[in-house]
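The next block holds one structure in the form of C-alpha cells; read it before the comments.
Each chain gets a letter, A, B and so on, in the order its sequence line appears, and its residues count up from 1. Since the model is a prediction, treat every value here as computed from it, not as a measurement.
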There are 2 protein chains.
Amino acid sequence: MKRTTIVDVGRLAGVSAKTVSRVLNGEPHVSQAVKQRVREAADALDYHPNVFAQALVRRKSNMIGLIYENPSPSYVVELQRGVLDRLTGERYQLVVIPIRSVQEHAGEVVGMLRSAALDGVVLAPPASDNPIILNQLKDARILCARIAPTRMIDAAPSNLIDDVAAAREIAEHIIGLGHREIAIIRGDPTHASTEARMLGYMQAFYKAGIELRLERIEPGLFTFDSGLSAARDIFGRGDRPTAILAQNDDMAVGAMMAAREFGLSIPDDLSVVGFDDSEVSRITWPRLTTVRQPVFEMAIAATEMLIAQLEDRAVTARITHPHELLIRESAAPPRSLE
Amino acid sequence: MKRTTIVDVGRLAGVSAKTVSRVLNGEPHVSQAVKQRVREAADALDYHPNVFAQALVRRKSNMIGLIYENPSPSYVVELQRGVLDRLTGERYQLVVIPIRSVQEHAGEVVGMLRSAALDGVVLAPPASDNPIILNQLKDARILCARIAPTRMIDAAPSNLIDDVAAAREIAEHIIGLGHREIAIIRGDPTHASTEARMLGYMQAFYKAGIELRLERIEPGLFTFDSGLSAARDIFGRGDRPTAILAQNDDMAVGAMMAAREFGLSIPDDLSVVGFDDSEVSRITWPRLTTVRQPVFEMAIAATEMLIAQLEDRAVTARITHPHELLIRESAAPPRSLE
DNA sequence: CGCGAAACTGTCAACGTTATCAGCATATCT
DNA sequence: AGATATGCTGATAACGTTGACAGTTTCGCG
C-alpha cells in the first residue's frame, strides 16, 4: 500500500507538486482557481503531508518537549495542562521526556533531546535551574523557556514567582496568628526553590524576633509520604510545635495525616500551611491555607515564550507572576492564646 | 552550520555510509575491526542520527500517542506514568494528544493522529470504547492497545478489569454493613464503565432485595466538583441516605466535602465509598474505602501490547487485571444499627 | 503601445538515511 | 579442483517534501 503523496494531489489537480506545497502552506503567488482545485484534490485523496519529509527538508521538527521530575502529581498535571492548552491550534506536538533524577543524569538529558530532534523544550524545576542542562541546550542550539528558575534568570526566558516573598508572607501570616513554636518541612534539596522558600521563612522569623532552631527543620521531598514521615518525626519528639510550614501542599497534607495519627486536631491543636495551591489543598478538610503559585498560567506563558522563539517573534525575557496568600481553614491562632 | 551526518562518520572511519548504518543499527555482516572504528568515529564526531530521515525511509516514526480525556488528575498521572515507565529504555517517544471531548470530536481524532504520524496509540477511556475511533484507526492502519474498554473487547488488544464485579463487591460491602438507604453518584455518561459500574451496583441491590429509587441516582462527571454538587443536591432533599456510592474517588471526596458543609460526620452519619484507589483516596481523612483498579499496571501492559505489535511479536489479546476491595475508614455501619 | 514589475507556475536538486543489489574474498562441501 | 555458500563491503536509488531558480503570463503606467 502506497501513501498518497503531494505528487498525487498535484496530478489530480493538474498542477506541479511545488504548487500544491505552496497552497497547503499558505504561500503567496497562487491564483484562486488553483487554490480551490488543489484543496479539493487534497480533500478527495484524504491527503496528509508526511511530517518527516517536511522536518527533514525544513530542518524543523515542530515537536517540543516538557522536562520535569515528578515531584507532586497535581503540579505535573497543571504544568502539562498549561503547555497543552497553549499548544491547541498550533502545529506543534508535545513530547514528554521523563527524567528520573535531573541531578544525577543532567549530562544525558540534552543527548536525549538531540536524539528526539526537538525544536525546543519547556523546562520545569529542577531542570530549569540546572546549569549543565542550560549550557548543553545552548551548545546544541535547542531553544528553551523556563518555569520557576531561581538562578541565572537571564540565561533563558523565565517565568518566575517571588518565592522568597511568598514564603515570607505565609510565614508572617502564621506568626501573625500568634505562633512562636513553628516547625518547617523542607522540599527536595535538588530544587532551588527549596532554598528560596527557606529564606523567606527566615526573613519573617527574623523580623518577628523568633529564633529558628535547627531541630525544627525537617527534610522532605515534596511528596505526601515525605511530609507524613517528616511530621511523624516532629510529633515524636517531646517539644511539639504549634504550627508547621510545609514547602508544598502535598507535604502539608501528609503532615495533616500524621497529626491525626497523633490525635491532634487541625487547626485547634496544630496549624498547617502549604505552598502551591494545588488541587489537594482544596479537597482536604480542613482546606489548606497556602500560597497560590499560578503553575497553569506559568506553563502557558513559558510555552508562548518558546513558540515566539521558534517563530522568530519578539520574546519576553522574564515574567514575574503574582502569588497570592490563600487563607483557608488549616491555620488558626494557637490554643494558648484562645 | 552543518549537522554531522552518517557520511561524515563514514569518511572519518574510512568506510561507506551504509556500513556505518549497519554498525549503528546492529546489523550483521560487519567485521569487528570496522565496528570498532565506526563507533570511535561516531563518538568523536558526537554523531546523532537524524530521526526524520530514518522515519522517512523506514516508514516508521517510533512515536506513540496516549489519548485520554481528562477525567481525574490522579488517573491521568497514573496512566501516563505507566506508559512512560514501559517506554524507558525503548526507542519510542511518547506524544501526548489532548482531546477536549472524545464524544464530540471522534471523527477528527484519527486525522490528528495521521498528521502526527504516530506508529500507534494507547487508548484510555472514553476513547478506548469509541467505535468511530476504533474503526478509523483500523482504516488508517494505526496500531492501538486499549485500557478499560467495555465493548468490542476483541476489536483490539484490551486491558480490562471486571467493572461489574468490582462495583458489585463494593456495593455488597456497603449493604453488608447494614445500609439500605443508599445514593449513587454516577460517572461521566460518555464513559462506558459508568454503565458497567451501575450494573454492578444494581446486581448487589437486587440480590439484597433493596429497591433502587430513581431519585437516589445523581449524575456526575468523575470530577471533584461534580461530586461536590451532586452530594449537595442529595443532602438538600429531605430524605437523606445513610451511604453514598460514588463511581470514582474524586467524586467521593467531593461528596465528603459536601457532607462537612451539611454537618454530617463520616462515617458516623454517612458512609462514602469511591472507585479506583487513586492517590486522593489515601490522603483524605477519613481515608476512602474504594476498589483498587490497577491503572499503572494496565498502562504498562497496554504499552507492552502496543510495542509487541510494532515489533511483530506475539500480542496478548486481552488481560483482565485483578481488582481489590480496599476497606478503609470512610464506611461504617449506619447509626441506626449502633 | 511598449516596457518594467509583479504574479503565477514549473523544474531540479537537495535534506540524511536505509533497502536493494552487486561484487569480491574467503570458507565449506563434494 | 570446482562448485557453492557465506561474510563483508560499497554503489545507487529511493523515501516525500521544500528551497532556489527560471520561465511565462499579466498588469500598470507613461
Side-chain angles (χ1 to χ4, degrees), chain A residues 1-39 41-42 45-63 91 114-119 141 311-312, chain B residues 1-39 41-42 45-63 91 114-119 140-141 312:
Chain A
M1 187 201 59
K2 219 173 133 18
R3 277 194 59 136
T4 73
T5 76
I6 200 166
V7 177
D8 302 327
V9 177
R11 191 151 34 222
L12 180 58
V15 296
S16 72
K18 178 65 205 178
T19 301
V20 175
S21 165
R22 274 193 270 255
V23 173
L24 267 28
N25 293 301
E27 290 173 27
H29 307 312
V30 187
S31 69
Q32 287 303 324
V34 171
K35 262 186 197 153
Q36 174 85 8
R37 262 188 302 150
V38 169
R39 292 248 166 71
L45 294 174
D46 189 25
Y47 169 72
H48 290 250
N50 182 317
V51 288
F52 303 114
Q54 291 181 326
L56 187 59
V57 66
R58 288 177 176 161
R59 295 152 169 280
K60 245 194 108 175
S61 67
N62 288 335
M63 298 194 304
R91 64 173 179 292
R114 284 192 49 190
S115 303
L118 303 179
D119 288 338
R141 283 163 220 264
E311 302 183 345
D312 284 319
Chain B
M1 189 202 52
K2 218 172 133 22
R3 276 193 59 135
T4 74
T5 77
I6 200 166
V7 178
D8 302 326
V9 177
R11 190 150 33 222
L12 182 57
V15 295
S16 73
K18 177 63 203 177
T19 301
V20 176
S21 166
R22 272 193 271 256
V23 174
L24 267 28
N25 293 301
E27 290 173 28
H29 305 312
V30 188
S31 67
Q32 287 303 325
V34 171
K35 261 185 199 155
Q36 174 86 9
R37 262 188 301 150
V38 169
R39 292 247 165 72
L45 296 174
D46 189 26
Y47 169 73
H48 291 252
N50 182 318
V51 289
F52 304 113
Q54 290 181 327
L56 186 59
V57 66
R58 287 178 178 159
R59 296 155 169 278
K60 246 194 106 175
S61 68
N62 288 334
M63 299 194 304
R91 63 173 179 293
R114 285 193 47 190
S115 303
L118 303 180
D119 288 338
R141 283 163 221 265
D312 284 317

Check the pair A:Asp46, B:Arg114 against side-chain contact (heavy atoms from CB on, under 4.5 Å), reporting the backbone distance first and the verdict last. CA-CA 11 Å; A:Asp46 189 25; B:Arg114 285 193 47 190; 2.7 Å; yes
Output the single nucleotide from [options] whose closest atom is nearest the side chain of [X].
{"X": "A:Val34", "options": "C:dT9, D:dC8, C:dT17", "result": "C:dT9"}
{"X": "B:Arg22", "options": "C:dC8, D:dG10, C:dG10", "result": "D:dG10"}
{"X": "B:His29", "options": "D:dT18, C:dT18, D:dC8", "result": "D:dC8"}
{"X": "B:Gln54", "options": "C:dT9, C:dT17, D:dG16", "result": "C:dT17"}
{"X": "B:Val15", "options": "D:dG10, C:dT17, D:dG19", "result": "D:dG10"}

Quiz question: going by heavy-atom distance under 3.5 Å, is there a donor-acceptor pair between the base of D:dA11 and the side chain of B:Lys18? no
Calculate the interatomic distance between A:Gln32 atom CD and C:dT9 atom P; express it in whole Å. 10 Å
For B:Lys35 and B:Gln32, run side-chain contact (heavy atoms from CB on, under 4.5 Å): C-alpha distance rounded to whole Å, both residues' side-chain angles, the deciding distance at 0.1 Å, then the answer. CA-CA 5 Å; B:Lys35 261 185 199 155; B:Gln32 287 303 325; 3.7 Å; yes
The bend of the helix from C:dC1-D:dG30 to C:dT30-D:dA1, taken between the axes of its five terminal pairs at each end and rounded to 10°, is 30°
OP1 or OP2 of C:dT17 less than 4.0 angstrom from a side-chain nitrogen or oxygen of B:Ser21, does that happen here? no
Side-chain N or O of A:Ser31 closer than 4.0 Å to phosphate OP1/OP2 of C:dT9: yes
Is A:Pro28 touching bases, backbone alone, or none of the nucleic acid, heavy atoms closer than 4.0 Å? nothing
Quick one: side-chain contact (heavy atoms from CB on, under 4.5 Å) partners of A:Val20, sequence neighbours excluded? A:Ile6, A:Val9, A:Val15, A:Leu24, A:Val38
